[in-house]
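Only one structure is covered here, and it is reproduced in the block below.
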Amino acid sequence: MSNLSSNLRSLYAMTMLAKRPDHLKYVFMIGDSQDEIAEGARARGGMRDPFAAPELERMWQERYCPERYDLGELARLDPGTLGGAYARHMSERGLQPDFYDAMPARHRMHYLRLRVRQTHDVWHVLSGFDTDELGEVGLQGFYFAQFTNGQSALILAAAMLKSLLRGKLDELERFIDAFYDGYARGGRCGSLLTAQFERLWRGPRGALRAS
């Protein structure tokens, strides 16, 4: 798929997401389209390459994908642990983990996207952003500070477009502030891209959590 086709598909998905912000399929459409562009840029040195980190490159080479875990078991851990905090986050919001392990990664940036999707709610726990619309935009800012990606920028644009279309300019300001806050937090925090969270469930959440 050419960059033009990928961007047109992304813009369509962004517009639809602005109209229907609860439809995750448009988020996934943006991500899949932008990953193609990002992989091309990464391969030719046109962006900051997250796989320059040896640990992430090793995860890609090994196609690291952990075994499924049991939320019930994690819920029995101390709430100060990563696993305990994550299990409570999921239970309080009625969420179930999405593993995405049936889809083979096409290339490095697609692998990274799948990995971030797989651990999305762990990032919520560590970044401190809730799962409401404002929190999701804040988390996108956090992601963007961790690795350059078009999806985060387009999700912010979709939220801004939704606010403009509905004449909610105060909401528009809150979205921008949330993204900026996430970007600042993500920049202060060390890289979480190489964290194998599933092996850290019993460790203290504070050892990884963003300041």
Side-chain angles (χ1 to χ4, degrees), residues 1 3 6 27-28 30-71 73-74 77 80-87 89-90 96-129 139-153 155 182-211:
M1 184 181 295
N3 282 5
S6 293
V27 174
F28 295 161
I30 291 171
D32 290 340
S33 299
Q34 287 300 305
D35 289 344
E36 298 302 318
I37 296 172
E39 177 60 19
R42 186 204 63 79
R44 66 175 180 271
M47 63 175 283
R48 180 177 49 163
D49 184 359
F51 288 86
E55 298 88 351
L56 189 58
E57 177 64 20
R58 190 176 306 116
M59 288 171 67
W60 157 250
Q61 293 295 338
E62 296 173 356
R63 303 301 194 272
Y64 171 75
C65 185
E67 294 183 2
R68 297 189 178 215
Y69 48 82
D70 187 320
L71 277 181
E73 291 183 6
L74 295 183
L77 295 176
T81 64
L82 176 60
Y86 169 70
H89 164 90
M90 299 295 278
Q96 291 296 320
D98 293 314
F99 291 97
Y100 299 98
D101 58 355
M103 184 184 298
R106 298 187 302 273
H107 46 64
R108 284 173 174 79
M109 293 306 293
H110 185 223
Y111 171 79
L112 180 56
R113 177 70 58 201
L114 293 176
R115 179 66 185 151
V116 169
R117 283 183 190 172
Q118 186 182 57
T119 57
H120 179 77
D121 280 288
V122 182
W123 288 73
H124 270 295
V125 170
L126 294 174
S127 67
F129 287 105
L139 184 56
Q140 293 302 320
F142 192 96
Y143 283 152
F144 195 83
Q146 292 272 304
F147 70 107
T148 305
N149 70 97
Q151 174 178 294
S152 291
I155 289 176
Y183 185 78
R185 293 191 205 182
R188 290 194 300 267
C189 180
S191 176
L192 297 177
L193 298 178
T194 62
Q196 297 179 11
F197 301 119
E198 300 83 357
R199 296 176 177 174
L200 302 171
W201 291 137
R202 296 180 182 277
R205 176 181 56 168
L208 286 170
R209 189 169 185 176
S211 59

Inset, instruction - Kindly assign one of parallel, tilted or perpendicular to the pair His89 and His124, based on the angle between their ring planes and the thresholds 30° and 60°. - result: parallel
Inset, instruction - Look at the rings of Tyr86 and Trp201 and say which category their plane angle falls in: under 30° parallel, 30 to 60° tilted, over 60° perpendicular. - result: parallel
Legend entry - Atom CZ of Arg202 with >12 non-hydrogen neighbours under 6.0 angstrom: no
Considering only heavy atoms from C-beta outward, does the side chain of [X] approach that of [Y] to under 4.5 Å?
X      : Y      : answer
Arg113 : Phe28  : no
Gln34  : Asn149 : no
Leu82  : Leu126 : yes
Pro66  : Arg199 : no

Inset, instruction - Answer yes or no: is there a donor N or O on one side and an acceptor on the other, between the side chain of Gln146 and the main chain of Gly186, under 3.5 Å? - result: yes
Inset, instruction - Check whether any side-chain N or O of Ser152 sits under 3.5 Å from a backbone N or O of Gln140 as a donor-acceptor pair, and report yes or no. - result: yes
Quick one: closest heavy-atom pair of [X] and [Y], and the distance?
X      : Y      : value
Gly187 : Ala145 : N-CB, 3.5 Å
Ala38  : Met47  : O-SD, 3.3 Å
Gly83  : Leu77  : CA-CD1, 4.1 Å
Pro50  : Leu112 : CG-CD2, 3.9 Å

Legend entry - Rounded distance (nearest 0.5 Å) linking atom CG of Leu74 with atom CE of Met90: 10.0 Å
Legend entry - Sequence-distant partners of Arg115, salt bridge (Lys or Arg N to Asp or Glu O under 4.0 Å), two or more places apart: Glu198
Inset, instruction - Would you sort out whether Leu208 and Phe197 count as a side chain to side chain contact (heavy atoms under 4.5 Å, CB included), showing the intermediate values? - result: CA-CA 10 Å; Leu208 286 170; Phe197 301 119; 4.1 Å; yes
Inset, instruction - Please step through side chain to side chain contact (heavy atoms under 4.5 Å, CB included) for the pair Leu114 and His110, ending with a clear verdict. - result: CA-CA 6 Å; Leu114 293 176; His110 185 223; 3.8 Å; yes
Inset, instruction - List the steps, then state whether side chain to side chain contact (heavy atoms under 4.5 Å, CB included) holds for Leu71 with Gln96. - result: CA-CA 8 Å; Leu71 277 181; Gln96 291 296 320; 4.1 Å; yes
Inset, instruction - Mind jotting down which residue pairs meet the salt bridge (charged side-chain N to carboxylate O under 4.0 Å, His left out) criterion with at least one end in residues 46-61? Sequence neighbours excluded, please. - result: Arg42-Asp49, Glu57-Arg108
Inset, instruction - Apply side chain to side chain contact (heavy atoms under 4.5 Å, CB included) to Tyr143 and His120, showing your working. - result: CA-CA 10 Å; Tyr143 283 152; His120 179 77; 2.9 Å; yes
Inset, instruction - For a side-chain contact (heavy atoms from CB on, under 4.5 Å) with Ser127, tell me which candidate from Leu139, Val122, Leu192 qualifies. - result: Leu139
Inset, instruction - Quick one: list whatever passes side chain to side chain contact (heavy atoms under 4.5 Å, CB included) with Tyr111, sequence neighbours left out. - result: Phe51, Met59, Trp60, Tyr64, Ala105
